[in-house]
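Throughout, protein chains are lettered first and strands after them, A, B, ... in sequence-line order, and every chain is numbered starting at 1.
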Amino acid sequence: MNLTLNINGTAHSVDIVEGELLLDVLRRLGFTSVREGCGVGACGSCTVLVDGHSVSSCLTLSSRCAGTEIQTSEGLGKDNPVVRAFVAEGALQCGYCIPGFVMMATELLSENLHPDEKDVADHLEGNICRCGTYPEIVKAVLAAASGIPK
Amino acid sequence: MTSEVFSGESYDGNAVGQSWRRANSESKVLGTFRYTADLPVPKCLYLGVHRASQPHASIVNIDAEGAMAIPGVVKVITGADLYDALGEKMLTGPAFSDQPPIAWQRVRYVGEPVAVVLATDLATARAAADEIYVEYQDMAPVLDIDAALEGHDYVHDELRPSVVFQDLRQLMGKRNTNINYEYNLNRGDSEHAHKTAATTVNGEFWTPPTSHVAIELFSASAWTEETHLELVSTTQTPSYVRQAIATMLNLRLNQVRVRTLGLGGSFGSKMYDRLEPLVAAIAWTQKLPVRLELTREETFVLTTRHGVAVSSRMSADSDGNIVAATADVRYDTGAYADIGPRIAAKSGMVACGPYRIENAKIRSRCIYTNKPSAGPFRGFGVPQVTWSHESLIDDLARELGEDPAGFRKRNLLREGDVAPIGTVMHSADFIGCLDAVTEAIGWNEPLERREGDWKWGRGVAVGIKAVLTPTVSNAVLQLNQDASATLLISTVEMGQGSDTIMAQIVADVLNLGPERVRVVNPDTDVTPYDTITAGSRSTYHTGNAVKMAAETMRDKLIEIAAKQMGVSPSDCKLTAGGVLSSSSQRLISLEDLIMSEFGAAGTTMTAEANFTTEWIPYDKETGQSTKITEHWFAGAAAAELAVDARTGRIRIRHLAVAGDVGRAINPALVKQQLIGGAIMGMGHALFDEIVFDNGQMVNGTLLDYQLPSIKDMPEKLTPIIVENPHRTGPFGAKGVGETGLIPIAPAIANAVRDAIGIRITTLPLTPERVLTALANQGK
Ligand code: FES
Ligand code: FES
């Protein structure tokens, strides 16, 4: 079955097999930021935004995403305030989980321009960083928010 | 939650000691960075693994007809097929040659590969693996350490030590045992000293098996080229894997090429024989390109941390000096030995802690059971024995009515002291670490003990670990004509920051700025031998090789420049602008220097170095050695927390962690390692635990397995760098990958003991466990 997916503002025409997950389709298309860490919606490393809302792409049928706007972290670009804050605060170790956190942070800041520490922790709770970069991640999200004019 | 990490970056010619930004930060944040699974490989057949449903059984029949009938399935391979092709050489392992890539004749744990499907795509391979039917004849399973030691059922008919470790050879062919290694330490007369001591405490401690849960899952691809085998794999030990595969397939080392890119975490899991023997054996014997990608559930049964039981005892005289310590340590290594025998020896040996103890006795055993094989895990078996000695010494201090920090301080090993193992201490500042963490949490300030149902307490713990010795590291440094450098090492970047700090070492010696040094990904065709990237060894060992290679390069540059300028080499020094002659004040840039030396743009100069460490093997009877290790890791942690007496929940207000790193090459990255280790240690204290029921793992998915999330962070987390330069460390430096983890669980448990007056000896400290302890206390 052929599908057109809008990913980071570009239309991609892709053949999928029935039941193929968004995670697998995105990886097949070369979006390496989308990663399987658990396959059951429990780690957040496969997080993308669909029409601005975070989803676990490991649980999302790709066929359901036709006609939506899909955003992955590579689409944010290096000048994006969240990306810049993560880099500046050193909010990464192995880096594997980080794009998932970046997407959750992007969603949070679209809903809440001035989150406090607790808001950040509440919103990012579903993402696992086994390297234990949580303190720097919180700082990075708060730093990105502080750049947004009040 | 607060913590201080990044100080930004600056370059003043000194790269060492600066918090350079982590290499590839931007691409890692954006997600464009390539990990091992992203490396393009030839079109492969995918492997789907059918796994054992029984913990211990002989394989009677494997029916693969249903699987073969599925379109897209090319082949099904069994252990018998591999045995026909490879014979006993298919049995591999770093300490014992006991593990087949696919079970052969017999399965030894639930989840062991029994048959492997080759199919044109991953989904088909996995679906077909479910269509294989295996008939078993059950054997009596050995489900825990006690059954393994006391029963008469054996996981292996006989012991098969590998040829790698000399001291294991005598075990060859030994039958009727589940113990694959026993280490003994005997110093002084501990029996007598316990008897005559003023105060004695005892304990039975248990740390459960846990899962590494590196977020990146395992993958491996293998295929044959004309005369050699190519392997791309998520491994932190490429040099080891090349050797193991060459031995298994009877190939020359130059017929096996192993590559890996950065890893998405590992923590000891992606080490030694993981997926590589399986994909290599199939690719080479079938002459087919194959790829294996594990699910999280498969990763759970691939390797675990050892569950460890320790029975221990510690005694002090009436002046508060520890006079004797005894520990009986039992490592549950599961169905295959992996590196367990080394863990039992090299970690069991510190089971009495970093204290001045004249009478010590340790027995540390590595024991087979019918469970998934346990292997290395950040800390290499040390956190489990630290759980024992740091709980016990706390009880001893309390028995004596002493402050637990002050009591430790009096007894801790100092510079120049002889450790219970017989080795003289150097560059391991336990007291400095202990002072730092107690000061950080305000140890001596008054504490409000009660707040409604919350009861507050403070706890402290120290940790000691020996670095793996002997080992070998090599570095090849290429200086390019444009004054950029390419560093060839086999150290695997997996989040610890090696690509960053190795570049800093080169930059410091050669006066190159950030971005001028690139570290090449491990590739056994290109990068030289390095024992392993593990055990916090890279900063010191590979770091030394890198520094020596850079110094050789510097000397070469000076020599060439001196010749070109007609001055003596001693008149020249390497500056940020190039080589400067002091007498003539002439400066030649590196670009011009290399250009005129070779007469062409784009040329290169190469320097290389080797760094190898030696040890004195321990005495078989006494376990003593005057040089058991190249150096020690020293750390400490302190916690202030509250226990909710109603729910059993634990809330950490402040966790401070300190490590003596000799010298911090990159302070920000050192702090991140300390914090990362502390958070993982907090997981082991409060959440992490693999649960088995009759040999079956019952919580092997991320929906069921608990580990720390961002909401579980302490309110305050303070990493502290302690620097006591090591006399032979590069710039005085040592590693820090495990230091932050080792003392955390006992520090937290000691604070819980302080808060509620109960010593809990089994990890993790779940709300249920705390509530049960509180309920029993009331009885
Ligand atoms: S892979 Fe989707 S949440 Fe873990
Ligand atoms: S940075 Fe390694 S898992 Fe988060």
Side-chain angles (χ1 to χ4, degrees), chain A residues 17 19-20 24 27 30-43 45 72-78 80 82-84 86-102 117 120-140, chain B residues 1-3 5-6 8 19 21-22 24-35 37-38 121-123 212-217 262-267 293 295-297 493-497 668-669 672-673 675-680 682-683 701-703 707-713 717:
Chain A
V17 294
E20 198 169 358
D24 296 324
R27 286 199 64 85
F31 294 95
T32 55
S33 72
V34 190
R35 296 161 185 157
E36 179 177 337
C38 69
V40 293
C43 77
S45 69
T72 72
S73 72
E74 49 266 86
L76 298 177
K78 61 183 170 50
N80 174 280
V82 176
V83 171
R84 284 173 56 167
F86 270 68
V87 172
E89 297 294 335
L92 71 151
Q93 292 186 51
C94 77
Y96 207 75
C97 69
I98 296 299
F101 278 95
V102 167
E117 208 175 292
V120 175
D122 283 346
H123 199 79
L124 271 48
E125 188 187 5
N127 289 50
I128 299 293
C129 174
R130 189 56 152 171
C131 294
T133 318
Y134 298 131
E136 297 90 297
I137 290 171
V138 172
K139 274 176 119 186
Chain B
M1 142 185 51
T2 56
S3 77
V5 175
F6 263 76
S19 289
R21 203 181 292 300
R22 196 179 279 280
N24 306 307
S25 284
E26 202 170 86
S27 62
K28 284 185 173 171
V29 172
L30 279 169
T32 53
F33 182 83
R34 274 190 186 175
Y35 294 88
D38 305 320
D121 68 281
L122 180 59
H212 307 73
V213 196
I215 302 300
E216 177 198 43
L217 297 168
L263 299 183
S266 181
F267 317 112
E293 294 178 5
T295 63
R296 174 60 62 191
E297 290 71 26
E493 169 63 59
M494 46 197 181
Q496 81 280 42
L669 296 194
Q672 276 194 313
Q673 279 280 40
I675 291 175
I679 292 173
M680 187 174 269
M682 217 188 72
T701 82
L702 279 194
L703 288 174
L707 70 183
S709 86
I710 201 164
K711 295 262 286 191
D712 300 312
M713 288 305 94
L717 185 47

Select one option (side chain, backbone, both, neither) describing which atoms of [X] are under 4.5 Å from chain A's heavy atoms.
| X | result |
| --- | --- |
| B:Thr32 | both |
| B:Glu297 | side chain |
| B:Leu702 | both |

Q: Please step through side chain to side chain contact (heavy atoms under 4.5 Å, CB included) for the pair B:Met680 and A:Arg130, ending with a clear verdict.
A: CA-CA 7 Å; B:Met680 187 174 269; A:Arg130 189 56 152 171; 3.6 Å; yes

Q) Is it the case that more than 12 heavy atoms not belonging to A:Arg84 sit under 6.0 Å from its CZ atom? A)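 Atom CZ in A:Arg84 is not packed in, count stays at 12 or less.
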
Q: Decide if atom NZ of B:Lys711 counts as having more than 12 heavy atoms of other residues, nucleotides or ligands within a radius under 6.0 Å.
A: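 It does: B:Lys711 NZ has more than 12 such atoms within range.
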
Main-chain N/O of [Y] paired with [X] side-chain donor or acceptor, under 3.5 Å:
| X | Y | result |
| --- | --- | --- |
| A:Tyr96 | B:Tyr35 | no |
| B:Gln672 | A:Gly90 | yes |
| B:Arg22 | A:Leu92 | yes |
| B:Arg21 | A:Val87 | yes |

Need one label for [X]: side chain, backbone, both or neither, based on atoms under 4.5 Å from any heavy atom in chain B.
| X | answer |
| --- | --- |
| A:Thr32 | both |
| A:Asn80 | neither |
| A:Val102 | side chain |

Quick one: pull up [atom1] in [X] and [atom2] in [Y] and give me the separation to the nearest 0.5 Å.
| X | Y | atom1 | atom2 | answer |
| --- | --- | --- | --- | --- |
| B:Ile710 | A:Glu125 | CD1 | CD | 9.5 Å |
| B:Leu217 | A:Ser45 | CG | OG | 7.5 Å |
| A:Cys131 | B:Ile675 | SG | CD1 | 12.5 Å |
| A:Cys38 | B:Leu703 | SG | CG | 7.0 Å |
| B:Leu30 | A:Ile98 | CG | CD1 | 12.0 Å |
| A:Glu36 | B:Arg296 | CD | CZ | 9.0 Å |

Do you know which of [options] has the most heavy-atom pairs with chain B at a distance under 4.5 angstrom?
| options | result |
| --- | --- |
| A:Gly37, A:Cys94, A:Gly132 | A:Cys94 |
| A:Gly41, A:Gly95, A:Gly30 | A:Gly95 |
| A:Cys43, A:Ser73, A:Gly39 | A:Ser73 |

Based on non-hydrogen pairs under 4.5 Å, which of [options] is most in contact with chain A?
| options | answer |
| --- | --- |
| B:Leu263, B:Ile679, B:Asn24, B:Val29 | B:Val29 |
| B:His212, B:Gln673, B:Glu493 | B:His212 |
| B:Pro708, B:Gly497, B:Ser266 | B:Pro708 |

